[in-house]
A.B. asks: 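Starting off with a structure, shown below.
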Amino acid sequence: MTASDWSIQSDSLRVVRGRVRAAGPRRTGGRTGERMRPDGGISPGLVAQQRVRQLEQKLRAKEERIVVLETENALLHLKLAECRGLIGRDTNEVAQLSFVHDKQQNLCRGTSSVIIQVYGAIQRLKQDLKNLHSFALELSRDFQHQCKNSLYQVLTAVQRIQLQNEAMHTFRTKAFDLEQSLHEVNERYQQEKQKRKILHNSLVELRGNIRVHCRIRPLLPFDTASGHSVSQYRHRKLSEEVAHATDDETVLVKCNRPGHTLINKTFQFDRVYSAAESQDTVFADVAPLLTSLLDGYNVCIMAYGQTGSGKTYTMLGPQSEDDVTLSIEDEPELGIIPKATEEVFRIISEKPPGSHWVEVSVVEVYNNEIFDLLAKDSCGRVFGVKRDVVTTKEGKSDVPLLTYETVENAVEFLQLVDKGLQLRVQHPTLVHAHSSRSHLVVTLTITTKAVSADSVGMSGVTGVALRETSFINRSLSALSDVLGAIAEQRSHIPYRNSKLTHLLQDSIGGNAKLLVMLCISPCQKYLAESLQSLGFGTRARQVQRGQVKKRNLPVSSKSK
């Protein structure tokens, strides 16, 4: 039976079943509810019910068959989808194969074209080889001809060289003789120079070991910077170099002032450094004092000069406006203080262990007041504390409660100096944008004491800064008065006229060795200040003191 036939039968079935339900009698409790006809035959209703049951059985069978067929149909649909997928993949593969085939055909056509081109290139190369062979033959003939000419030239040159060698040998003999003579002259010169130094040092010892050195810094950018109110001619005159070293003991200054005759002044010092001489050269003349220090003498190294003359560079080394940190890594550029510290610890390392110890103090003299730059608050933070300087019963200067820090090496020392530099009072001037407005005293017990003193002339400051400048100049004036009193051998030396001179009493008087490092600018702009510094140095050289004596100290005492 087809699906359409089944659909028709199903409709008929529904009609018959409807009739059965409409015409069927109520059951009254009989076994089957069947009714017998009076004549004993089977009732039509019974027949109809049997027919209905048969049809229902067939319907159930057909429905089961439908389920089976639908399942088979679903499986067939799945297989159909799978086949379609396979067909799609096969189609893609066929397309790819077709594309590859087309590509191979195109490649074959391209290869054929390339082969044709290569063949043509081979033909051209063959022709080039022929031409090259001809050229090589011609070049070989030219080379042989040139070789013959060159050989002749070489033989001629050899002959000339032989003649020159003979002349050179004669010259070498003469040069050797001259070198021997020059060497003998140099040896005699060095001997005489050494004798002069020995005599000079002996004279310095007799004069009390006050030494005055002068260092001329090079021209710097702010020397040549032109102001709006200065004419180009005037600016050019101000930036001219008027001070320079004629030798290692003489400074020549061209005094060319408006309305005055040009005068050349010379100043003699124990040592003069030109702008080209290095930090190492300067320290080489300072190093012998360190041996004297460990031998028991008091030693003071003082830098003197106007703002911007190079005192900080000479004593500490290069420092930027934003970073004042010292480091032993910049060895060639280190100043006297860090180099001296390294040398002291080197010398101490050669001594018996535990025989020496080193303590550091950093003091600032600001507005004629003394500040301890290593003092700490209750939280351990470093801050400047005002201290006072007194004179002991023995006539020595002392700063009660001054902070001394023990250091084991140069690195620890530089770290402490850095802390002090961070607290140091600073104020910009027209001369130097990072100018210190105070004096800095760094003391190493058993090492050195250094003073950086600024003399301000044309700084262009007012108000509080003018007051600072006034105190600075008073301190320097007091220092000059002290040296003058010592030079004149007065009975009273005015150490107490200034906190600076009072603090340095043991270093600039008595039995101390003093080195004054004058720092001056070479340009016309600072001529007056340079002459003032040179005059101060000249007066310092005139100081007459008794011969320096070694201090015989107990073990626990301190020399500075």
Side-chain angles (χ1 to χ4, degrees), residues 290 293 298-303 311-312 315-317 319 323-328 334-345 348 356-390 392 396-427 434 436-454 468 471-472 475 498-507 556-560:
L290 304 178
L293 171 67
N298 273 356
V299 175
C300 177
I301 304 172
M302 175 187 300
K311 301 183 299 302
T312 299
M315 299 302 290
L316 296 175
Q319 292 180 325
D323 185 10
V324 295
T325 303
L326 298 174
S327 174
I328 60 175
L334 289 179
I336 292 175
I337 292 177
K339 284 182 179 291
T341 306
E342 286 190 296
E343 179 65 13
V344 165
F345 279 105
I348 289 177
H356 294 79
W357 65 91
V358 179
E359 293 177 313
V360 181
S361 68
V362 182
V363 171
E364 178 183 37
V365 182
Y366 175 65
N367 287 350
N368 204 34
E369 298 291 346
I370 295 177
F371 293 90
D372 184 357
L373 298 184
L374 296 183
K376 298 179 180 179
D377 59 13
S378 58
C379 298
R381 293 172 297 188
V382 177
F383 71 109
V385 175
K386 185 178 177 180
R387 304 292 190 194
D388 199 6
V389 57
V390 299
T392 63
K396 305 297 182 181
S397 63
D398 184 35
V399 181
L401 303 179
L402 182 64
T403 303
Y404 288 91
E405 295 284 351
T406 302
V407 293
E408 300 291 338
N409 50 56
V411 175
E412 293 180 1
F413 162 76
L414 292 181
Q415 291 174 350
L416 291 176
V417 175
D418 284 339
K419 293 179 181 179
L421 292 176
Q422 296 293 336
L423 293 176
R424 192 181 182 191
V425 177
Q426 294 175 346
H427 192 282
H434 200 63
S436 298
R437 313 304 303 150
S438 61
H439 310 284
L440 180 68
V441 180
V442 178
T443 305
L444 260 71
T445 308
I446 316 301
T447 304
T448 186
K449 177 182 291 186
V451 178
S452 176
D454 295 346
E468 295 170 348
F471 277 111
I472 290 174
S475 299
S498 167
K499 293 290 182 67
L500 177 65
T501 53
H502 197 181
L503 179 66
L504 300 180
Q505 178 177 346
D506 296 342
S507 301
S556 59
S557 299
K558 300 178 181 179
S559 61
K560 302 176 181 178

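When reading the values below, keep in mind they use all heavy atoms of this one structure, side chains included, and skip hydrogens, waters and symmetry mates.
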A.B. asks: Using a 3.5 Å distance criterion without hydrogens, assess whether the side chain of Asn367 forms a donor-acceptor pair with backbone atoms of Glu369.
C.D. replies: no
A.B. asks: Indicate the atoms forming the closest heavy-atom contact of Ala375 with Thr403, along with that distance.
C.D. replies: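 Heavy-atom minimum between the residues: CA-OG1, 3.5 Å.
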A.B. asks: Atom CG in Asn409, atom CD in Gln415: separation rounded to 0.5 Å?
C.D. replies: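 The CD atom of Gln415 is 8.0 Å from CG of Asn409, to the nearest 0.5 Å.
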A.B. asks: With side chains defined as the heavy atoms from C-beta onward, is the minimum distance between Glu405 and Lys376 less than 4.5 Å?
C.D. replies: yes
A.B. asks: Measuring only between side-chain heavy atoms, which start at C-beta, is Leu401 closer than 4.5 Å to Arg387?
C.D. replies: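 Contact flag for Leu401/Arg387 side chains = yes.
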A.B. asks: How close do Met315 and Ile301 get, counting heavy atoms only, and between which atoms?
C.D. replies: CE-O, 3.9 Å
A.B. asks: Find the distance between CG (Leu373) and NZ (Lys419) and round it off to the nearest 0.5 Å.
C.D. replies: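 That separation rounds to 12.5 Å.
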A.B. asks: Can you tell me how far the CG atom of Leu440 sits from the CD atom of Glu364, to the nearest 0.5 Å?
C.D. replies: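 Answer for the CG-CD pair, Leu440 versus Glu364, is 7.5 Å.
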A.B. asks: Are the side chains of Ser498 and Asn368 in contact, using a 4.5 Å heavy-atom criterion?
C.D. replies: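 Heavy-atom side-chain distance check passes, below 4.5 Å.
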A.B. asks: Check whether any side-chain heavy atom of Leu402 sits under 4.5 Å from a side-chain heavy atom of Thr443, and report yes or no.
C.D. replies: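 No. Closest side-chain heavy atoms not under 4.5 Å.
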A.B. asks: Quick check for you: to the nearest 0.5 Å, what is the distance between Leu414 atom CG and Glu342 atom CD?
C.D. replies: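 It is 7.5 Å, given to the nearest 0.5 Å.
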A.B. asks: Without swapping roles, check the side chain of Asp398 against the backbone of Thr392 for a donor-acceptor pair under 3.5 Å.
C.D. replies: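 Side chain of Asp398 to backbone of Thr392, a donor-acceptor pair under 3.5 Å: no, none is there.
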A.B. asks: Between atom CD of Glu412 and atom OG1 of Thr406, what is the distance when rounded to the nearest 0.5 Å?
C.D. replies: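 Output value for this atom pair is 9.5 Å.
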A.B. asks: Does any non-hydrogen side-chain atom of Phe413 lie less than 4.5 Å from one of Leu444?
C.D. replies: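 Side chain of Leu444 against side chain of Phe413, heavy atoms only: contact under 4.5 Å found.
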A.B. asks: Report yes if some heavy atom in the side chain of Val399 is under 4.5 Å from a heavy atom in the side chain of Val363; otherwise report no.
C.D. replies: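 SC-SC contact between Val399 and Val363 ruled out.
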A.B. asks: Taking side-chain contact (heavy atoms from CB on, under 4.5 Å) as the definition, give me every residue that meets it alongside Asp388, ordered by chain and number, with sequence neighbours left out.
C.D. replies: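 Expected list: Lys499.
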A.B. asks: Of all heavy-atom pairs between Val407 and Leu416, which one has the smallest distance, and what is that distance?
C.D. replies: CG1-CD1, 3.4 Å
